[in-house]
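Here is the structure we will look at, set down as structure tokens.
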Amino acid sequence: MAEAGIRLAPVPFDPWAELAALQSALAPAVGASAIFLGTARADAADPAEPDGPRLTALELEHYPGMTERELQRIATMAAAAHDLLAARIVHRVGRVAPGEPIVLVAALATRRAAAFSACRQMIEALKYEAPFWKRECFSDGSARWVEANTPAAADGAAIPGADPAASTGLPG
Amino acid sequence: MAEAGIRLAPVPFDPWAELAALQSALAPAVGASAIFLGTARADAADPAEPDGPRLTALELEHYPGMTERELQRIATMAAAAHDLLAARIVHRVGRVAPGEPIVLVAALATRRAAAFSACRQMIEALKYEAPFWKRECFSDGSARWVEANTPAAADGAAIPGADPAASTGLPG
Amino acid sequence: MSVQVRFFASLRELLQCTDAEVPAAAVRTVGDVWHQAVGERAPPGKLLMAVNQQYAGWDDPVADGDEVGFFPPVTGG
Amino acid sequence: MSVQVRFFASLRELLQCTDAEVPAAAVRTVGDVWHQAVGERAPPGKLLMAVNQQYAGWDDPVADGDEVGFFPPVTGG
């Protein structure tokens, strides 16, 4: 039975230490590990004004209880669907500085196809289903909520049914 | 211009130290890092006999000069095609023990679709184009050459034109 | 005998609503909970909702003791 | 005035050939190099080849000073 572990990190975490521990615990059964690391970029507030205000921090809000439950569901489903040796998701909450990790997704398997597919499936599901919200804080003191994650299709991967809004039956 | 770095490692290497250095050098421009790590498994020589002889080592032969050239070509093409901030390939040569890393492929980009596509493209190209050959050594003293890598299609990803044999014009 | 209501992120700021409690007897569906908590204000175009921390829909039933969450599209990862 | 020939991995063991040198005047193509170095033995079904460390085909031209490599399908990664 695959280990499907998730964790919310209220302070900066070291993804490489996390991965080294996971990998060494499962070697030499593991043949292929696919890993995604999302990190905070110091983007300009307005891409058209590269010398304008820049991002100084992200504030990551979540839904305590539901967020952990969704992450666990995503990791468990990916581990089962792709016969993983281990699935791991770590996600920051709170205030994140540029350059710091936001999310780590790892899929450890015997073969590469399973590892890649599971890793991609987990990050796409997380982007559209896990209740996190990013607020961007800029160097001029302004702040704004990120309105939506980049659509999966425009981002190169169509994830059918990944948008829970499509099935809520909301009028209009 | 993206950094496209490759390296042959004659002794065990630490993929996490490698990645930590690469990531911190490029933060906070990087938003998405997709990573593949291939490691040696302690497989049974014969899957039908799980208690029979097991793999004790892999011997990795390469074509000095051509191997580096092919890896560099693969990393450079992926970095250009996906507008990466950095591409990195590290591959072991020589005798590899079960649990040890064989290959590390990393693609650092601003967004996840580019990182994933580039990472997958690099490992698939490497599997079918980079001149490495694996010899498996077993606990009963026997040894055999691995005959071919798992076909990309059977492994979940069709990589058109990835098989150089298809274009050699070899008779028969 | 009540239903807990929670709002998150930009929606909480938009509504200037803190978390609320509505009488269970007054609501049958998630939609009812919205209107009890928020008033006649129509929900924003893209609204997600959960009952007991699982995604739900506007017409899903709600019972005494349930927790209903309303929030904008998620933007983690 | 010669062409260097290199064999790798299982092919080297199969042929019991070490690296070789063939006279440039005797070869025009990669196929000629094979037969000069190996004799009449037909190449195995899946054979890869390179001229000056770049993938090449059986009928590609070969010139004095070139290096020609023959090897089985690659199995790295």
Side-chain angles (χ1 to χ4, degrees), chain B residues 8 36-40 58-74 89 91-93 96 101-105 122-136 143-152 155 162-172, chain D residues 2-21 27-63 65-77:
Chain B
L8 294 181
F36 177 80
L37 181 69
T39 40
L58 289 174
E59 288 174 357
L60 274 156
E61 184 175 335
H62 72 293
Y63 185 159
M66 181 169 176
T67 304
E68 294 90 326
R69 176 187 195 131
E70 282 292 308
L71 293 183
Q72 188 64 59
R73 181 183 61 75
I74 290 166
I89 302 176
H91 201 294
R92 268 299 301 281
V93 294
V96 180
I102 299 169
V103 61
L104 170 68
V105 174
M122 285 192 279
I123 187 64
E124 297 301 333
L126 185 155
K127 288 255 176 191
Y128 298 99
E129 298 170 11
F132 291 101
W133 301 275
K134 281 197 196 91
R135 195 161 168 271
E136 298 173 322
R144 68 181 177 213
W145 290 98
V146 176
E147 290 198 3
N149 274 328
T150 313
D155 208 359
D163 180 7
S167 61
T168 52
L170 185 65
Chain D
S2 64
V3 171
Q4 303 296 317
V5 193
R6 308 186 66 179
F7 302 98
F8 292 91
S10 59
L11 183 68
R12 187 185 55 236
E13 293 185 358
L14 178 75
L15 299 175
Q16 299 185 286
C17 268
T18 58
D19 294 348
E21 213 175 287
V27 294
R28 286 187 309 113
T29 65
V30 170
D32 296 341
V33 172
W34 172 270
H35 289 300
Q36 275 286 321
V38 175
E40 283 312 298
R41 185 164 184 166
K46 288 193 174 177
L47 180 72
L48 301 184
M49 53 208 88
V51 174
N52 297 332
Q53 307 190 349
Q54 292 190 272
Y55 281 105
W58 190 252
D59 298 322
D60 281 346
V62 168
D66 282 354
E67 172 181 307
V68 177
F70 293 103
F71 44 87
V74 304
T75 57

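Order of the sequence lines fixes the chain letters, A, B, ..., with proteins taken first and strands second; residue numbering starts at 1 for each chain. Fair warning: this is a prediction, and the values are worked out from it, not measured in the lab. Values reported hereafter were calculated over all heavy atoms of this structure, with side chains retained and with hydrogens, waters and symmetry mates removed.
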Whether Lys46(D) and Glu147(B) form a salt bridge (side-chain N of Lys/Arg under 4.0 Å from carboxylate O of Asp/Glu) is what I want to check.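 Lys46(D) and Glu147(B): not salt-bridged.
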Of all the heavy-atom pairs spanning Asn149(B) and Val74(D), show the shortest one and how long it is.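 Taking every non-hydrogen atom into account, ND2-O, 3.6 Å.
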Where is the tightest heavy-atom contact between Phe8(D) and Pro64(B), given as atom of each residue plus distance?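 That closest heavy-atom pairing would be CE2-CD, 4.4 Å.
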Below 30° counts as parallel, above 60° as perpendicular, anything between as tilted: where do the rings of Phe71(D) and Tyr63(B) land?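 Ring orientation, 0 to 90° scale: perpendicular.
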Taking side chain as everything from C-beta outward and backbone as N, CA, C, O, which of these in Gln54(D) sits under 4.5 Å from a heavy atom of chain B? Side chain, backbone, both or neither.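 Its backbone and side chain both get close to chain B.
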Taking side chain as everything from C-beta outward and backbone as N, CA, C, O, which of these in Asn52(D) sits under 4.5 Å from a heavy atom of chain B? Side chain, backbone, both or neither.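 Looking at Asn52(D), just its backbone touches chain B.
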Proximity breakdown for Glu70(B) and chain D, heavy-atom pairs closer than 4.5 Å: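 Contact with chain D: side chain only.
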At a 4.5 Å cut-off on heavy atoms, which part of Arg135(B) comes close to chain D: side chain, backbone, both, or neither?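 Interface part for Arg135(B): side chain.
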Whether His91(B) side chain and Gly76(D) backbone form a donor-acceptor pair below 3.5 Å: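 Judged by distance alone, no pair lies under 3.5 Å.
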Hey, is CZ on Arg144(B) packed in by over 12 heavy atoms from elsewhere, all under 6.0 Å?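 Above 12, so yes.
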Could you state the interatomic distance from [atom1] ([X]) to [atom2] ([Y]), rounded to the nearest 0.5 Å?
X	Y	atom1	atom2	result
Leu11(D)	Trp145(B)	CG	CH2	10.5 Å
Thr75(D)	Leu58(B)	OG1	CG	9.0 Å
Glu61(B)	Ser10(D)	CD	OG	9.0 Å

